[in-house]
Amino acid sequence: MEEKDNISKTYNPAEFEDKLYNNWMEKGYFHAEPDKNKKPFTIVIPPPNVTGQLHMGHALDETLQDILIRYKRMKGYCTLWVPGTDHAGIATQARVEAEIREKEGLSRYDLGREKFLERVWDWKKMYGDRIINQLKKIGSSCDWERERFTMDEGLSKAVKEVFVNLYNKGLIYQGSRIINWCPHCVTALSDVEVEHAEQAGHFWHIKYPIKDSDGFVVIATTRPETLFGDTAVAVNPEDERYKNLVGKTLLLPLTDREIPVIADEYVDKEFGTGCVKITPAHDPNDFEVGQRHNLEQIKVMNDDATMNAYAGKYEGMDRYECRKAMIEDLEKAGLLVKVEDHSHNVGQCQRCGTTVEPIVSKQWFVKMKPLAQPAIDAVKNKETEFVPEHFKKVYFHWLENIRDWCISRQLWWGHRIPAFYCDDCGEMVVTKEEKAVCPKCGKEMRQDSDTLDTWFSSALWPFSTLGWPDKTEDLEYFYPTSVLVTGYDIIPFWVMRMMFSGIEHTGEVPFKKVFIHGLVRDPQGRKMSKSLGNGVDPLEIIDKYGADALRFTIATGNAPGNDMRFYTERVEASRNFANKIWNASRFTLMNLDITENKLPDLADLQLEDKWILLKYNDVVKAVTENLDNFELGVALSNLYDFIWDNFCDWYIELVKPRLFDKENPTAKTAQYVLTYVLSNTMKLLHPFMPFITEEIWQHLPHEGESIMISSWPEYDEKLNFRQEAESMELIMHAISAVRNRRAEMNVPPSKKAKVIIVTDETEVYSCGISFFEKLASASEVEVTTSKDGIDLSAVHIVVPSAEIFLPMEELVDRDKEIERLTAEKKRLEGEIKRVEGKLSNKGFVDKAPAQVVEQEREKGEKYRSMLDKVLESLTALQ
RNA sequence: GGGAGUUUAGCUCAGCUGGGAGAGCGUCUGCCUUACAAGCAGGAUGUCACAGGUUCGAGCCCUGUAACUCCCACCA
C-alpha cells in the first residue's frame, strides 16, 4: 500500500512483514521498564533449546503469548515478555559430540572437559541466534534487550544460590539409589525423562540348585543377565510351598556364589513361580528388599551397559549379547526350564530411545515431599489458576505421587554441581564459591564432576531472568509473572517445578495463570516428528502465506487445551481472510478524501451506518471479553465474522451507492464511518494479525506512531443503535429473500425486475429502496401499505415484516410457485404447532423466564401472520 | 491397575453460565456485478456415540455403557 492509488490488488505479506518488524524493534516498542503509573503484565517465554529450530509447537506457543502481550499492551499495561533460550544439557552435548565425532573422529574424552566445553560454547554462539531470529519471523513482541540464556552469568548465580539453600535446608542430599541410567547418553536421568513402552520380551524360568541337596527352586525373570548381581531369592512368607526353603542356601548358576532364600511380603505368590531373584543393584524393588534384608548390592554392568567382572566369562559383552550367551549356557547345563513370551513395560531414554538400565548409583536428589505440598496448596487456594481448569488435575496427580528428583547428570554441558571434595580426608563442602579449600586439612578441593539436570535451571526461569537472587527493581515490579503459556506435555517437567521453586525461593507463586495448550499434529493426527518426517516448517509457511496467516490458523479452529491438526488448506483459508481485509481496505482507501479519523456527527448517520456501528460496538465487547477469558479462538472468530459478513458483505455494499454519488451529502459520512470502523477493527485484530493490521492502519488516517502502541477500542454506549439496527435487518432480510427467489428461478443478476413491497413499515422500507436496487437487482421499487391493484399471482415472498411481489410473469411457473408456497405453508404450520405446544404447556408458561415465554408468543404471532399471507397467495394462484 | 481427554455435517473442528444446531474446507447452482475469482449470490447435508435420569425444556447438567487418544504405574 505504498500509494493510495497504487495498491497491489492482492495481499502480499512478504512486502511488509520484515520491514514493519524492524521498525517496531528500532522504535523500542517491545522494551519495557517498570512504570509505577501502569499495571505490569509479564510473561516469560518457555525457552526453546539453543540447538532447536522453530517448529509448529513453538509457533503455537509464541503466537498465543504474543496475542496476550499485544492485547495487554494496547490495554495500557506495562507489558514485558522475557525471551531466551535453554542450554538443553543432553540434547546439545549429544549434538556437538556427534559433530566432532563425524568431522574429526574424536570423542569428548579425547578433547577433555575444558576443550569440549569450549566447542559447545562455540556451537552455542553460532546457532543460538538461529532460533531467536525465527521467533522474530512470527512477530513475537519480546523485549529482546532482556534476552537470557539458562547458562549466562546471572542465571548461573541463581542456580548456585538455590542449590546451596536447598542443601543447607536438607532438601538436597546425596545418596545411593536406584536411578535410571542411559548407557548411550552415559548419564543418570530423572523419572520424567524416561518414557515407558510396551515391549515383547520373554519370561525365562531358571533353576537355582539348593545347596547340599538334589532340589532346586525355579525363578522366572525377564532380565536373566542381572543374575550375576543376585544376592538372594525371595518368597512370600505366607507361601506354604516354599516355607521350608526360607533360610536355605542356593547355588547361583554360572557362578560359584551362594545366595540365601529369604522371605519378603513384596513377593506375589500368584505371579510367576512365586520365587523372585533379588538383584538390589539393578531393580528398584529389589533394592528395597535388599535394604530390608541387608543384602549386598552387586553392580554387574559398566556405564555403557557392557558386563563387568562379576559376569565372569561374559565380561565385556553387551547386556543383550550376554543374555543370549548365558541362556544358551543355562540350557546346556539343564538349568533352563522353559521360556514364555511376555510383554512388559520397558523404560526408554526420552532423548535417544535407548533402553534405560535401572542401576544403583550415587547421585544428588531433591527431597520432594516438603516442596510439593505448598505447590499443591497454592493451586488449591487459586493463587495460581489453570486455564482450562481441568489441567490442575494432572498437576495434582503429579505432585501427590511425586518421588525425589534425581538432579545430577554425568554430563559436561550444564551447571556444575557446587559441591567440593577433599581427596585426602573425604570432607565435602557445598558452596557458591568458585573454589573451595578443605576446612579440615586445608587442601584445595576437587569440584564434583557432575552437572545439574537442565530442568533445575529452567525451574528458576520466571525469577532468575528478572535478576533474582538480587532484589532488583524488575523483580519487584514484574514478579510474580501474569501468565505462563505452555503445552500440557510439559506440566511435570516444568510447570510443577517452577511452582515449587518459585514458592520456596521467592515466597510467591511464579505466575498467576497457567494457560495450557495442546499439541500440533499432522493431518492424520500423528505427532509431528523428525523421524516420521511429517513436520511442517513454520518458516516455509510464513514465506508462502505470511506470518499473519499462520498465526490466524494456529489461533483459531480449536478450543484451549485441545490438540489441533495442521492443514495447509486452513492456512490458505487464513491467507484468503487476510486478502479479504486487504481488499476491503483498498476499497476504503480508494474512496477516501478525508484526512481525519473520527466519528461523524451522529445526526448525519444513515440507517446502515448505525447498523454497522452497533455491530462494531458489539464486536468490541465480545472480543474484549473473550480475550479476558483466554478464549482466543472465539475472539478471533468474532472478528472474522464481523469483518467478512458484516463489514465486507453488507456494509461496503450498502454504502456504495452513497460513495459513488458525488452529489450525495452523506457520502462523507460514509467515509468517516468506513474509516472509523475499519481502523478500530484493525486494532481489535492487531494482537492476532500484527503485520497486516499495522500496514493498513498506517495508510488510514490515524493518530500516533503505530497501531501496536495505540489504545484498545472500548465499548461505546452511544453507538448502541439497537432499534435502527433492527430496522436495517428487516431490510437485509427482505433483500436476501428476494435474492433467494431470483436464484431459485435462475434469474441472472443482469435481468432487473420491479419490486413491490407491501408493508406497515413503509418508512423503514423507503429507506431501503436504493439497497434493493443495488443488492437485489431491482429496476424499480414501490413501497406501499395496500395490495390494491397488485397481481397476486406474481412471484410472492412473505417475510416477517412485509410481503414482496416480483411481477415477472414470463418467469412464473404456476405449478412450481404453488408447490413452493405449499411447502412454505407446511413449514409455517409446523412452527406454529411447535410454538403452540410450548405455550399450552403449563409447566413452560409457569416456570420458564417471562422473557423466554414472551419471545415464544411473538414468534407465534409472526408465523401466524406469515401463514395468512401465504394462504392468501395460494388462493389467488389456484 | 489408576487418571485424564475425545465422540456434533463428507473432512477438520467451534458451540460461553441449559431456551429454536454453527464455521472453515469440500460439494451443487448461477455469476469475471468498477475492493477482492485468494471473490460474489444462492442451495444441499446432522436420531449432537449409546442407554437411562434431572428439568417446563438437554449437544450442554447427573449416572452408566461403548469406542478412540493420551498420561501415570516396580508385578519379577
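Since the structure is predicted, the reported quantities are computational estimates derived from the model, not experimental observations. Proteins get letters first, then strands, A, B, ... in listed order; numbering begins at 1 in each.
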| said: Students often get this wrong, so: under 4.0 angstrom with heavy atoms, is A:Phe391 touching a base, only sugar-phosphate, or nothing? | reply: nothing
| request: Would you tell me if any nitrogen or oxygen in the side chain of A:Lys580 comes within less than 4.0 Å of OP1 or OP2 on B:C40? | output: yes
| Can you find a heavy atom in the side chain of A:Val514 that is under 4.5 Å from one in the side chain of A:Glu385? | no
| query | Does A:Glu653 make a side-chain donor-acceptor contact with the base of B:A35, cut-off 3.5 Å? | reply | yes
| query | Would you say A:Lys656 has more than 12 foreign heavy atoms packed within less than 6.0 Å of its NZ? | reply | yes
| message | It should be established whether A:Lys656 places a side-chain nitrogen or oxygen under 4.0 Å from OP1 or OP2 of nucleotide B:U34. | response | no
| Heavy atoms under 4.0 Å, any strand shown: does A:Val276 hit a base, just sugar-phosphate, or nothing? | base
| query | Counting side-chain heavy atoms from CB outward, which of B:A76, B:A73, B:G19 is closest to A:His196? | reply | B:A73
| Atom pair distance, as rounded to whole Å: CZ in A:Phe493 and P in B:C71 | 11 Å
| Spacing of A:Lys774 atom NZ relative to B:C40 atom P, expressed in whole Å | 13 Å
| said: Contact between A:Tyr863 and A:Glu829 at the side-chain level, heavy atoms closer than 4.5 Å - yes or no? | reply: no
| said: Between A:Asn12 and B:A38, is there a contact of a side-chain N or O with OP1 or OP2 at under 4.0 Å? | reply: no
| Between B:U29 and B:C36 - P atom distance, rounded Å | 25 Å
| query | Can you find a donor-acceptor pair, distance only, under 3.5 Å between A:Arg575 side chain and B:A38 base? | reply | yes
| said: Students often get this wrong, so: under 4.0 angstrom with heavy atoms, is A:Val845 touching a base, only sugar-phosphate, or nothing? | reply: nothing
| OP1 or OP2 of B:U12 less than 4.0 angstrom from a side-chain nitrogen or oxygen of A:Arg570, does that happen here? | no
| query | Partner of B:U69 by Watson-Crick or G-U wobble geometry, both contacts under 3.5 Å, or none? | reply | B:A4
| note | Ranking B:U12, B:G42, B:C75 by distance to the side chain of A:Asp268, first place goes to B:C75
| message | Applying the Watson-Crick and G-U wobble criteria at under 3.5 Å, what pairs with B:G52? Answer none if nothing qualifies. | response | B:C62
| task | For A:Val835 and for A:Asn579, find the nucleotide of RNA chain B with the closest heavy atom, then tell me which residue's nucleotide is more 5'. | result | A:Val835
| query | In whole angstroms, how far is the C1' atom of B:C36 from the CZ atom of A:Phe647? | reply | 13 Å
| task | Pick the P atom in B:A51 and in B:G19, then give their distance to the nearest Å. | result | 22 Å
| said: Taking B:G59 as the reference, what is the distance to B:A9 when you measure between their P atoms (whole Å, please)? | reply: 15 Å
| query | Contact class for A:Phe271 vs. all strands (heavy atom < 4.0 Å): base, sugar-phosphate, or nothing? | reply | base
| said: Mind checking if A:Pro523 touches a base, just sugar-phosphate, or nothing, with heavy atoms under 4.0 Å? | reply: nothing
| Quick one: A:Met732 CE to B:G42 P, roughly how many Å, whole number? | 11 Å
| remark: Side-chain atoms of A:Val852 come closest, of B:A76, B:A35, B:G19, to B:G19
| A:Trp398 vs B:G2: side-chain N/O to OP1/OP2 distance below 4.0 Å | no
| Basic-acidic side-chain contact under 4.0 Å: A:Glu340, A:Lys338 | yes
| request: Please report the closest heavy-atom contact between A:Glu744 and A:Arg820, naming both atoms and the distance. | output: OE1-CD, 3.6 Å
| said: By the 4.0 Å heavy-atom rule, please label A:Ile652 as base, sugar-phosphate, or nothing. | reply: base
| message | What's A:Trp204 touching, base or sugar-phosphate or nothing? Going by heavy atoms closer than 4.0 Å. | response | nothing
| field | A:Phe552 and A:Tyr640 aromatic ring geometry - parallel, tilted or perpendicular at 30°/60° bounds | value | tilted
| request: Give the nucleotide from the list B:C31, B:A41, B:A35 with an atom nearest to the side chain of A:Arg739. | output: B:A41
| query | What integer distance in Å separates A:Asp649:CG from B:G39:P? | reply | 11 Å
| query | In whole Å, what separates the P atom of B:G24 from that of B:C40? | reply | 10 Å
| Counterpart base for B:A14, defined by Watson-Crick or G-U wobble contacts under 3.5 Å | none
| Base, sugar-phosphate, or nothing for A:Ala848, non-hydrogen atoms under 4.0 angstrom? | base
| field | Proximity to the side chain of A:Ala743 - top-ranked nucleotide from B:A73, B:G42, B:A14 | value | B:G42
| Say you pick atom P in B:A38 and the same atom in B:U27; how far apart are they, in whole Å? | 14 Å
| field | Atom-pair distance (CD on A:Gln199; C1' on B:C75), nearest Å | value | 17 Å
| query | Looking at side-chain heavy atoms only, is the closest gap between A:Phe228 and A:Leu252 below 4.5 Å? | reply | no
| Rounding to the closest angstrom, what is the interatomic distance between B:U34 and B:U7 at atom P? | 45 Å
| request: Using only side-chain N and O atoms of A:Asn401, determine if any of them is under 4.0 Å from OP1 or OP2 of B:A73. | output: no
| task | May I ask you to verify if any side-chain N or O of A:His342 is less than 4.0 angstrom from the OP1 or OP2 atom of B:C75? | result | no
| query | Can you tell me if the side-chain N/O atoms of A:Arg403 get under 4.0 Å from OP1 or OP2 in B:C74? | reply | yes
| query | Considering only side-chain heavy atoms of A:His390, which listed nucleotide, B:U12, B:G5, B:A14, is closest? | reply | B:G5
| field | Nearest to side-chain heavy atoms of A:Lys847, which nucleotide of B:A35, B:U55, B:A76 | value | B:U55
| request: Report which part of the nucleic acid A:Cys275 touches: base, sugar-phosphate, or nothing (heavy-atom distance under 4.0 Å, all strands). | output: nothing
| query | Taking the same atom, C1', in B:C62 and in B:G2, what whole-Å distance lies between them? | reply | 23 Å
| Which part of the nucleic acid does A:Ala584 contact within heavy-atom distance under 4.0 Å: base, sugar-phosphate only, or nothing? | base
| Beyond-backbone contact of A:Val623 with A:Phe642, side-chain heavy atoms, under 4.5 angstrom | no
| field | Closest-nucleotide 5' rank along RNA chain B - winner of A:Arg834 and A:Gly843 | value | A:Arg834
| said: Counting only side-chain nitrogens and oxygens, does A:Lys9 get under 4.0 Å of the OP1 or OP2 atom of B:A38? | reply: no
| said: As a test of reading the structure: which of B:G15, B:C74, B:G30 is closest to the side chain of A:Asn746, going by heavy atoms? | reply: B:G30
| task | Respond yes when some side-chain nitrogen or oxygen of A:Asn576 is under 4.0 Å from OP1 or OP2 of B:G39, and no when none is. | result | yes
| field | Touch class at under 4.0 angstrom, heavy-atom based, for A:Tyr640 against every strand present | value | sugar-phosphate
| query | Is there a Watson-Crick or G-U wobble partner for B:G30 with both distances under 3.5 Å, and which nucleotide is it? | reply | B:C40
| note | From CG of A:Asn345 across to C1' of B:C75 the rounded distance in Å is 11 Å
| Distance-minimising heavy-atom pair for A:Gln348 and A:Ala197 | OE1-CB, 3.8 Å
| message | Between B:U8 and B:A58, how far apart are the two C1' atoms, rounded to whole Å? | response | 14 Å
| Does a donor on one side chain and an acceptor on the other come within less than 3.5 Å for A:Asn180 and A:Asp191? | yes
| note | Separation of B:C70 atom C1' from A:His397 atom NE2, nearest Å, is 13 Å
